[in-house]
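What follows is one structure encoded as C-alpha cells, with my remarks underneath.
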Amino acid sequence: MNILLTGSDGFIGTHLHSHLKKLNHNITGIDVKSGNDLMDCPLNYHVDLVIHLAGLSGVRKSLDNPTEYWKQNCIVSQRLFENFKDTKIIYASSSTAAEPWRNPYAMSKFSLEQIAEPYDSLGLRFTTVYGRGAPETMLIPKILNNNIEYLNTNHSRDFIHVEDVLDAITTVMDTDLRGVIDVGTGQTNLLSEIVSRFQIEYTPVIGDEHEREDNLANTDVLQSYGWEAKTNIYDYIEEHRNVN
C-alpha cells in the first residue's frame, strides 16, 4: 500500500514509519522538522491511505498559545482533508477531545474530529502514549529517570505503549471503520500509586480544571477486531527504570 504519513519525524511517527516499512508498505513521510510545513507544502501525492499524525500536543502549552494550536491542529488538517477528499485518512485525535471545554488542545482535537466527519476518515483518540523516544517532559520518562517534581494526586491515566499503538493502527488500516474510536489499554492507573510503587519522592498537588481526572479508553471496537494491548506499564517501568 502507498501511504502518506504526516508527522513522520515525531515520537509515534518515527516508530510507525519503521513499522509500516517492515510490513512492506511504501511510505512517504512529511514533517515540519524536515522542511515540509503542512500549512503550505506541496501535497501532490497519489496514495492509497493518509495517516495524519502531525500537529501540536500538550495541554499546558496550549493554554499559553491557543492560536497556534488552532492553526496546526485544525487549519492545517482542513487543508489536508480537502486535498485528499477521495482518500481514506486515519488521523490522530486525543482522549482530551472527550472534554473539549477544558483547554485549547482538547478543543482543537475535538474540532478536528468535526472537520474530519464528512470525509472517509477515522479518528484515533490516543490516551497517554509512552515508550522509547517519548518526550522527556512526559510522566513515564520522568519516572524512569527519578526526576518527578510534582504529581497530580487526583489524576489517573490509561497508559499505552507505542508498540500497542502501532498494532492498533495496522489493525484498523484495512477496515471500513469511520468516525472516532479510543486507543488505549482499557485500564486506568492512579498516578500516585505508580510513583509510590517505585518509591519516588514528589510534591503532591491537586490538578486543576484544565485537565481530565481520568482518560480511560473504551477499547470495545478494537477488541472486536482481535486487538489487545500487550505491554504492562509496571513491567515496562521495572525493566527500563534508571536506578543508579
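Counting only heavy atoms from C-beta outward, the side chains of Q72 and E68 approach each other to under 4.5 Å. With a 4.5 Å cut-off on side-chain heavy atoms, P104 and L63 count as touching. Put simply, the side chain of F198 reaches to within 4.5 Å of the side chain of I237, judged on heavy atoms. Side-chain contact between V221 and L177: present, with at least one pair of heavy atoms (C-beta onward) separated by less than 4.5 Å. Contact of the V165 side chain with the F126 side chain is registered, since non-hydrogen atoms from C-beta on lie closer than 4.5 Å. Counting only heavy atoms from C-beta outward, the side chains of T28 and N2 never approach each other to under 4.5 Å. A 4.5 Å side-chain heavy-atom check between M1 and D174 finds at least one atom pair inside the cut-off. Side chains of V50 and I3 form no contact here, defined as non-hydrogen atoms less than 4.5 Å apart.
Without hydrogens or angle criteria, Y69 side chain to S57 main chain gives a donor-acceptor distance under 3.5 Å. Judged purely by atom type and a 3.5 angstrom limit, H210 uses its side chain to pair as donor or acceptor with the backbone of R102. Between the side chain of R178 and the main chain of Y119, a donor-acceptor pair closer than 3.5 Å is present. Between the side chain of D158 and the backbone N or O of T188, no donor-acceptor pair lies under 3.5 Å. In this structure a side-chain-to-backbone donor-acceptor pair under 3.5 Å is present from N83 to L43. With S121 contributing its side chain and A116 its backbone, the two residues share a donor-acceptor pair below 3.5 Å. Under a 3.5 Å cut-off, the side chain of N145 and the backbone N or O of N147 do not form any donor-acceptor pair.
Surrounding CD of E238 are at most 12 heavy atoms belonging to other residues, nucleotides or ligands under 6.0 Å away. With a 6.0 Å radius and a threshold of 12 heavy atoms from other residues, nucleotides or ligands, Q223 has its CD atom above the threshold. Atom NZ of K88 sits in a crowded spot, with more than 12 heavy atoms from other residues, nucleotides or ligands closer than 6.0 Å. The local environment of CD in Q187 is sparse, with at most 12 non-hydrogen atoms from other residues, nucleotides or ligands closer than 6.0 Å.
Rounding to the nearest 0.5 Å gives a distance of 12.0 Å between NZ of K109 and CG of N103. Taking CG of N232 as the reference point, atom OG1 of T185 lies at 9.0 Å (rounded to 0.5 Å). A distance of 4.0 Å separates CG in D9 from CG in D31, rounded to the nearest 0.5 Å. To the nearest 0.5 Å, atoms CG (D235) and OG1 (T231) are separated by 9.0 Å. How far CG of N154 is from CG of L151: 9.5 Å, rounded to the nearest 0.5 Å. Here the CD-CZ distance, from E99 to R212, works out to 4.5 Å after rounding to the nearest 0.5 Å.
Closest heavy-atom contact between V183 and A217: C-CB, 4.3 Å. Taking both residues in full, the closest heavy atoms of V162 and V129 are given as CA-CG1, 3.9 Å, listed atom of the first, atom of the second, then distance. Residues W227 and D164 approach most closely at NE1-O, 3.2 Å, considering heavy atoms. Residue Y105 comes nearest to S62 through the heavy atom pair N-OG, 3.1 Å, listed as atom of the first residue, atom of the second, then distance. A pairwise comparison of heavy atoms in H52 and S77 identifies NE2-OG, 2.8 Å as the closest pair. Closest heavy-atom contact between T153 and P204: CG2-CB, 3.6 Å.
H19 pairs with exactly one of I27, T170, T14, I169 by the side chain to side chain contact (heavy atoms under 4.5 Å, CB included) rule, that one being T170. Checked against N215 for a side-chain hydrogen bond (donor to acceptor under 3.5 Å, both in side chains), the options D182, T128, T96 give a single hit: T128.
Ring to ring, Y130 and Y236 are close: their centroids are under 6.0 angstrom apart. Two rings, from Y45 and F84, have their centers 6.0 Å or more apart.
Using a cut-off of 4.0 Å between Lys/Arg side-chain N and Asp/Glu carboxylate O, E211 and R60 are scored as salt-bridged. Residues E82 and K85 are not paired through a salt bridge, judged by the lack of any N-O separation under 4.0 Å between the basic side chain and the carboxylate. The existence of a salt bridge linking R125 and E113 is confirmed by a sub-4.0 Å separation between a basic side-chain nitrogen and an acidic carboxylate oxygen.
Using a 4.5 Å cut-off between side-chain heavy atoms of Ile, Leu, Val, Met, Phe, Trp and Tyr, with links allowed through other members, F11 and L53 fall into the same hydrophobic cluster. Both Y225 and I51 belong to a common hydrophobic cluster when Ile, Leu, Val, Met, Phe, Trp and Tyr are linked at side-chain heavy-atom distances under 4.5 angstrom. Residues F81 and W70 share a hydrophobic cluster, clusters being chains of Ile/Leu/Val/Met/Phe/Trp/Tyr side chains in contact below 4.5 Å. Put simply, V172 and Y91 are part of two different groups of oily side chains (I, L, V, M, F, W, Y) that touch within less than 4.5 Å, one to the next. Hydrophobic clustering, with ILVMFWY side chains joined whenever heavy atoms are under 4.5 angstrom apart, keeps I115 apart from F110.
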I'd like to know whether H155 forms a side-chain contact (heavy atoms from CB on, under 4.5 Å) with D214, so could you lay out the CA-CA distance, the side-chain angles of the two residues, the decisive distance to 0.1 Å, and finally the verdict. CA-CA 6 Å; H155 286 178; D214 196 358; over 6 Å; no
What do the steps show when you test T6 against V76 for side-chain contact (heavy atoms from CB on, under 4.5 Å), and what is the final call? CA-CA 11 Å; T6 76; V76 160; over 6 Å; no
Determine, step by step, whether I200 and R241 satisfy the side-chain contact (heavy atoms from CB on, under 4.5 Å) criterion, reporting the C-alpha distance in whole Å, the side-chain angles of both residues, the deciding distance to 0.1 Å, and the verdict. CA-CA 11 Å; I200 303 173; R241 186 179 171 212; 3.6 Å; yes
Where do K230 and D167 land on the salt bridge (Lys or Arg N to Asp or Glu O under 4.0 Å) test, with the steps shown first? CA-CA 10 Å; K230 298 180 177 63; D167 288 342; 3.8 Å; yes
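In this structure, R197 satisfies the cation-pi test against Y234, with its NZ or CZ atom closer than 6.0 Å to the six-membered ring centre and inside 45 degrees of the ring normal.
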